[in-house]
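Some notes on the structure that comes next.
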Amino acid sequence: MRAIVMDQIAGPLAVREVEEPEVPVGGVVIGVVATGLCRSDWHAWAGHDDIELPHVPGHEFAGVVVSVGPGVAKWTVGDRVTAPFVEGCGACEWCLAGNAQVCPEQQQPGFTHWGSFAGQVVIHAADTNLVAIPDGVSFEAAASLGCRFATAYRALTGRARLTANEWVTVVGAGGVGLSAVMIAKALGGKVIAVDRHPAALEVAESLGADHVLAADGSDIPAQVHALTGGSHVSIDAVGSELTCADALLSLRRRGRHVQIGLLPPVEGHPRVPMARVIAWELDVFGSHGMAAADYPGMLALIESGALEPQKLIERVIGLAEAADMLPRLDTANVAGMTMIDPTR
């Protein structure tokens with residue numbers, strides 16, 4: 001099969017023929033129809049995750065089951081499926097409680113094993129981790145759920161517990177940030193979107209953001225407080241010392257912050273304004289994807305038309321173009337989601 005192969009950390013990527021994967025016990029092999037290009041893939045390429053070379057990136061995808069391993073009870077060849085980017089083991093106390101996203105034995109395609117920037121990808125513990133794609137949901141829309149959309153959904157519902165008429169400040173209007181804008185509006189929230197790119201802010205406005213603010217060096221928290229008196233909920237969808245601080249400082253007293261963007265300690269552990277957290281009794285949550293067990297509520301909103309993740313897809317590219325784009329993803333001026341068609 002064709003795949004994007006990474007032979008060195010932060011090095012050039014090549015598209016070449018590799019062996020198809022073997023189906024594991026309890027797992028399945030999925031023929032990839034659509035897979036998303038995400039900033040988390042850039043973190044792996046840049047060396048912020050422990051990966052074994054050579055490596056195939058890619059962690060959010062949708063496709064069709066092409067082979068089923070021994071011990072799988074719920075899935076058959078031909079099923080249309082997607083999966084969260086965290087694969088729980090299916091047997092530990094966290095998986096059994098429906099929280100596979102924090103499984104201590106978790107695997108992640110594109111990180112712990114070869115990922116979805118290829119013709120096929122393996123999913124372990126398929127009965128715990130696979131999600132059926134409803135007939136009314138496209139492969140591209142389903143692929144967008146595995147990381148960014150599902151992460152934003154759980155961040156707002158399972159972590160921040162957003163209620164109608166609350167203000168949400170979303171810092172970063174990339175894939176996960178725009179997902180958060182859409183989901184917050186669908187839940188009845190009021191949204192301020194923050195980004196450095198005008199095109200991204202235009203997309204956020206088109207998706208219903210009540211206000212947009214340019215991250216141009218001005219005082220973002222002061223602007224948010226002037227507009228809202230301080231947000232009830234904030235989300236850092238980028239993952240930097242500055243964006244985390246801007247999001248936290250945008251909150252009103254007793255507000256809730258959810259950290260989605262990764263904060264790797266590349267230049268030492270990032271400073272966070274904990275004095276404000278303590279003095280204003282702010283709640284700070286981490287959010288690490290969403291377990292397959294939590295998908296039904298989100299899929300019901302998508303089937304009803306209340307949520308339309310396909311609106312976030314700005315472009316569909318092939319493997320060669322993705323191999324060129326991935327190393328530049330941290331600086332690229334790209335709005336919305338980029339979806340990869342491995343057959344191109």
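Under a 3.5 Å cut-off, the side chain of T82 and the backbone N or O of F61 do form a donor-acceptor pair. Listed for the Q259 side chain is a donor-acceptor partner under 3.5 Å among the backbone atoms of G261. Proximity of a side-chain donor or acceptor of W114 to a complementary backbone N or O of Q120 within less than 3.5 Å is not detected. Side chain of D195 to backbone of H197: a donor-acceptor contact under 3.5 angstrom is found. Of the possible polar contacts, one joining the D341 side chain to the T343 backbone as a donor-acceptor pair under 3.5 Å is found. Here the side chain of R196 pairs no donor or acceptor atom with the backbone of A214 at under 3.5 angstrom. Side-chain atoms of R315 never come within 3.5 Å of backbone atoms of M339 as a donor-acceptor pair (strictly under, hydrogens ignored).
Closest non-hydrogen pair, P24 versus P70, comes out as O-CD, 4.3 Å. The two residues A44 and G110 come nearest to each other via the heavy atoms CB-O, 4.3 Å. In plain terms, the two heavy atoms of Q106 and Q108 that are nearest each other are OE1-NE2, 2.7 Å. Contact between A73 and D127 at its shortest, heavy atoms only, is N-OD2, 2.9 Å. Taking every heavy atom of both residues into account, R276 and L249 meet most closely at NH1-O, 3.6 Å. Residues A125 and G88 approach most closely at CB-O, 3.4 Å, considering heavy atoms.
Using a 4.5 Å heavy-atom threshold, the side chains of L13 and V5 count as separate. A 4.5 Å side-chain heavy-atom check between L312 and L207 finds at least one atom pair inside the cut-off. L213 has its side chain within reach of V224: a pair of non-hydrogen atoms, C-beta onward, lies under 4.5 Å apart.
In this structure, W42 has its ring center closer than 6.0 angstrom to the ring center of H48. For an aromatic pair to be called close, the ring centres must be under 6.0 Å apart, and F111 with H59 satisfies this. Between F85 and H288, the ring center distance clears the sub-6.0 Å criterion. Checked against a 6.0 Å centroid threshold, the rings of W167 and H211 count as neighbours.
Counting only residues at least two apart or on different chains, the side chain to side chain donor-acceptor pair (under 3.5 Å) pairs with a member in residues 135-154 are E60-R148.
Ion pairing of R254 with D283 is absent here, as no side-chain N (NZ or NE/NH1/NH2) approaches a carboxylate O to less than 4.0 Å. A salt bridge links E166 to R256: at least one charged side-chain nitrogen sits closer than 4.0 Å to a carboxylate oxygen.
Counted within 6.0 Å of CG on D216, heavy atoms from surrounding residues, nucleotides or ligands total more than 12; the atom is thus considered enclosed. Other residues, nucleotides and ligands contribute over 12 non-hydrogen atoms within 6.0 Å of the CD atom of E17. Counting non-hydrogen atoms of other residues, nucleotides and ligands closer than 6.0 Å to CD of E105 gives a total of 12 or fewer.
Between the CG atom of L326 and the CD atom of E321 there is a distance of 12.5 Å, given to the nearest 0.5 Å.
Checked against side chain to side chain donor-acceptor pair (under 3.5 Å), E241 has the following partners two or more places apart in sequence or in another chain: R271. Under the ring-ring contact (aromatic ring centres under 6.0 Å, His included) criterion, H113 pairs with H124, sequence neighbours left out.
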Checklist entry - Does the salt bridge (Lys or Arg N to Asp or Glu O under 4.0 Å) test come out yes or no for D210 and K185, once each step is laid out? => result CA-CA 9 Å; D210 297 272; K185 294 302 295 182; 2.9 Å; yes

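Side-chain contact annotation: Q223 with S218, donor-acceptor N/O pair under 3.5 Å present. Using modelled atom types and a 3.5 Å distance limit, the side chains of T35 and S116 yield a donor-acceptor pair. Donor-acceptor pairing under 3.5 Å is lacking for the side chains of S231 and S234.
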